[in-house]
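Residue indices begin at 1 and follow the sequence shown. Counting starts at 1 for both ligands and their atoms, following the listed order.
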Amino acid sequence: MASAMAASAIGFAGGASAADVKEVQMLHWWTSGGEAAALNVLKQDLAKEGYTWKDVPVAGGGGEGAMTALKAMVAAGNPPTASQILGYYAVDYAEAGKLGDITSLADKEGWAKVVPTALQKFTTTNGKWDAVPVNIHSVNWIWLNKAAMEKIGGTQPKTFDDFVALLDKAKKAGIIPLALGGQPWQEATLFDSVVASTGGIDFYKKAFIDLDESALKSDTMKKSFDNLAKLRAYTDPNYAGRDWNLATAMVIKGDALVQVMGDWAKGEFVNAHQQADKDFLCYRFPGTDGSVIYNTDMFAMFNVPEDRKAAQLALADATMSISFQSAFNVVKGSVPARMDVPDTAFDSCGKKGIADVKAANADGKFVGSMAQNYAQPPAVAGAYHDVVTKFFHGEIKSSDAAVTELVKALNNAK
Ligand code: BGC
């Protein structure tokens with residue numbers, strides 16, 4: 001196996017052999033306008049190297065549908081060349097022996113020196129590279145329409161209470177305060193930020209990384225649910241089931257003031273030809289400045305037949321190039337997963353994102369998103385989505401009950 005991989009790596013470096021299939025088949029959930037534009041950067045890079053692209057798109061933000069489709073393909077013994085994947089999903093496939101080995105390329109290119117150690121937990125298994133990080137997204141951002149902000153005389157909210165006061169102002173001015181996509185993964189993604197804001201990042205870590213029961217049961221967690229309920233009062237009545245990018249479009253058009261969303265939202269602003277500081281503003285979710293709650297899109301490299309390995313290595317190599325990490329992430333809204341990519345091509349939000357990742361990483365404030373499968377395995381994250389969404393939609397009626405349900409659900413899923 002190791003020698004076959006080495007042979008492929010050499011084959012790739014020196015030009016693939018005639019028997020190789022010159023096609024990359026990739027499963028992903030990048031189907032919004034901004035996401036598709038970012039993916040085009042990759043398709044074009046690979047086309048330049050002579051690889052055709054076999055697209056396997058599975059719509060649905062957060063990737064739940066994509067993960068179901070992937071599971072079926074892998075179970076049928078027909079995995080894609082690579083799949084977009086988040087956190088512990090990759091760990092599960094690696095542990096099940098479903099991923100390949102691209103270590104020779106990783107060593108040759110020195111990835112271990114440029115990718116944050118926290119991420120390497122997900123891109124390697126027992127020291128072997130089996131996935132590549134495309135980007136670093138983070139969930140603790142808010143995105144505002146600048147003209148709407150000026151209209152209401154709003155200023156950057158620094159605390160959760162400031163944020164509520166700002167939403168109130170928008171409401172009084174007849175602007176929808178909060179553009180929300182009412183789908184479980186989106187509400188859970190919002191709750192990640194609310195918890196970090198309410199309790200601080202150390203509390204977030206205790207609760208979601210350590211699953212510390214006293215933190216999960218605490219008054220701080222109750223207060224986090226209270227705060228989440230406060231935000232519910234600022235949505236429009238049609239939020240249930242709405243896709244995340246339609247919520248972003250409400251802010252782009254100025255129908256709504258703000259969306260709380262990971263920085264893939266910026267990809268939609270960019271795709272609509274809007275500019276940071278001129279048309280839209282980005283701030284960290286109030287009360288979380290200095291912390292980065294991350295979710296990195298990775299391409300998991302599956303065990304593929306020998307004649308597809310050169311294509312897989314070409315994909316990995318292209319993805320990890322400095323120029324791609326810049327060009328792709330400028331369009332996607334995320335920041336590079338390599339720490340040695342210059343921020344020159346990025347707008348002010350991207351520059352802040354890059355600086356934030358470095359600072360948070362140095363300060364121990366770079367933490368995985370619970371909602372996005374970077375804090376816990378999928379079953380636990382799914383249980384979290386479930387409780388948050390039931391609370392948000394009123395099926396769980398109080399913060400007290402939500403905390404009880406959360407502890408129960410997480411314990412069952414562990
Ligand atoms: C992914 C992003 C994607 C977003 C919405 C997140 O889980 O990490 O790349 O843009 O879902 O589809």
Side-chain angles (χ1 to χ4, degrees), residues 26-42 55-70 82-90 119 122-123 131-141 143 179-193 241-249 251-252 259-272 282 292-300 319 324-325 328-337 349-350 353 357 367-376 378 381-382 384-385 388:
M26 189 153 103
L27 190 145
H28 62 87
W29 62 96
W30 285 333
T31 55
S32 79
E35 292 172 330
L39 192 58
N40 264 332
V41 178
L42 183 59
D55 210 30
V56 189
V58 185
E64 214 178 303
M67 288 303 98
T68 307
L70 178 62
S83 174
Q84 180 190 359
I85 205 159
L86 297 171
Y88 281 95
Y89 274 109
L119 298 187
F122 301 100
T123 56
V132 290
V134 191
N135 60 18
I136 298 174
H137 271 305
S138 47
V139 302
N140 56 319
W141 286 106
W143 306 91
L180 188 91
Q183 297 170 344
W185 75 273
Q186 292 190 65
E187 290 148 357
T189 301
L190 166 63
F191 195 52
D192 280 0
S193 290
R242 178 185 286 141
D243 286 333
W244 68 272
N245 54 317
L246 300 182
T248 314
V251 178
I252 292 175
Q259 181 184 25
V260 179
M261 190 43 64
D263 39 13
W264 46 91
K266 199 188 81 180
E268 298 304 299
F269 287 95
V270 171
N271 194 50
C282 60
V292 170
I293 305 175
Y294 72 85
N295 67 306
T296 280
D297 289 305
M298 299 182 289
F299 295 153
T319 303
F324 171 79
Q325 290 260 332
F328 175 87
N329 287 307
V330 161
V331 182
K332 183 69 171 70
S334 34
V335 305
C349 301
V357 163
V367 290
S369 160
M370 176 69 157
Q372 298 274 332
N373 296 287
Y374 269 95
Q376 295 295 330
Y384 171 72
H385 286 193
V388 173

(request) Determine the minimum heavy-atom distance between Thr31 and Glu35, stating which atoms define it. (result) N-OE1, 3.0 Å
(request) Using a 4.0 Å heavy-atom threshold (strictly under), name the region of Asn295 that reaches ligand 1: side chain, backbone, both or neither. (result)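 Answer for Asn295: side chain.
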Among protein heavy atoms, which lies nearest [atom], and at what distance?
atom: atom 11 (O) of ligand 1; result: Trp29 NE1, 3.1 Å
atom: atom 6 (C) of ligand 1; result: Gln372 OE1, 3.5 Å
atom: atom 12 (O) of ligand 1; result: Glu35 OE2, 2.7 Å

Atom indices of ligand 1, in the order listed, that fall short of 4.0 Å to a heavy atom of [X]:
X: His137; answer: 2 (C), 8 (O), 9 (O)
X: Gly61; answer: 5 (C), 12 (O)
X: Lys332; answer: 2 (C), 3 (C), 9 (O), 10 (O)

(request) For residues Phe299 and Ile85, determine if any side-chain heavy atom of one lies less than 4.5 Å from a side-chain heavy atom of the other. (result)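 Not in contact.
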Looking at ligand 1, does any of its N/O atoms fall within less than 3.5 Å of an N/O of [X]?
X: Asn135; value: no
X: Trp264; value: no
X: Leu86; value: no

(request) Could you check Asp263, Thr296, Asn295 and say which one makes a side chain to side chain donor-acceptor pair (under 3.5 Å) with His137? (result)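 Exactly one pass, corresponding to Asp263.
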(request) Determine, considering heavy atoms only, which of Val139, Asn245, Asp297 sits nearest to atom 8 (O) of ligand 1. (result)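 Shortest heavy-atom distance from atom 8 (O) of ligand 1: Asp297.
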(message) What I want to check is whether the side chains of Tyr384 and Asn373 have a donor and an acceptor closer together than 3.5 Å.
(response)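 Result is no, nothing qualifies.
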(request) Check whether the side chains of Gln84 and Asp297 place a donor and an acceptor atom closer than 3.5 Å, and report yes or no. (result)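 Yes, Asp297 and Gln84 have a side-chain donor paired with an acceptor closer than 3.5 Å.
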(request) Would you please determine whether Gly63 falls within less than 4.0 Å of ligand 1 on a heavy-atom basis? (result)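 It does not, in that no heavy atom of Gly63 comes within the 4.0 Å cut-off of ligand 1.
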(request) Assess the pair Tyr374 and Tyr88: is the distance between their ring centroids shorter than 6.0 Å? (result) no
(request) Measure from the ring center of Trp30 to the ring center of Phe328 and say whether it is less than 6.0 Å. (result)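 When the ring centroids of Trp30 and Phe328 are compared, they turn out to be within the sub-6.0 Å range.
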(request) Classify the angle between the aromatic ring planes of Trp264 and Trp185 as parallel (below 30°), tilted (30 to 60°) or perpendicular (above 60°). (result)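 Judged by the thresholds at 30° and 60°, the geometry between Trp264 and Trp185 is tilted.
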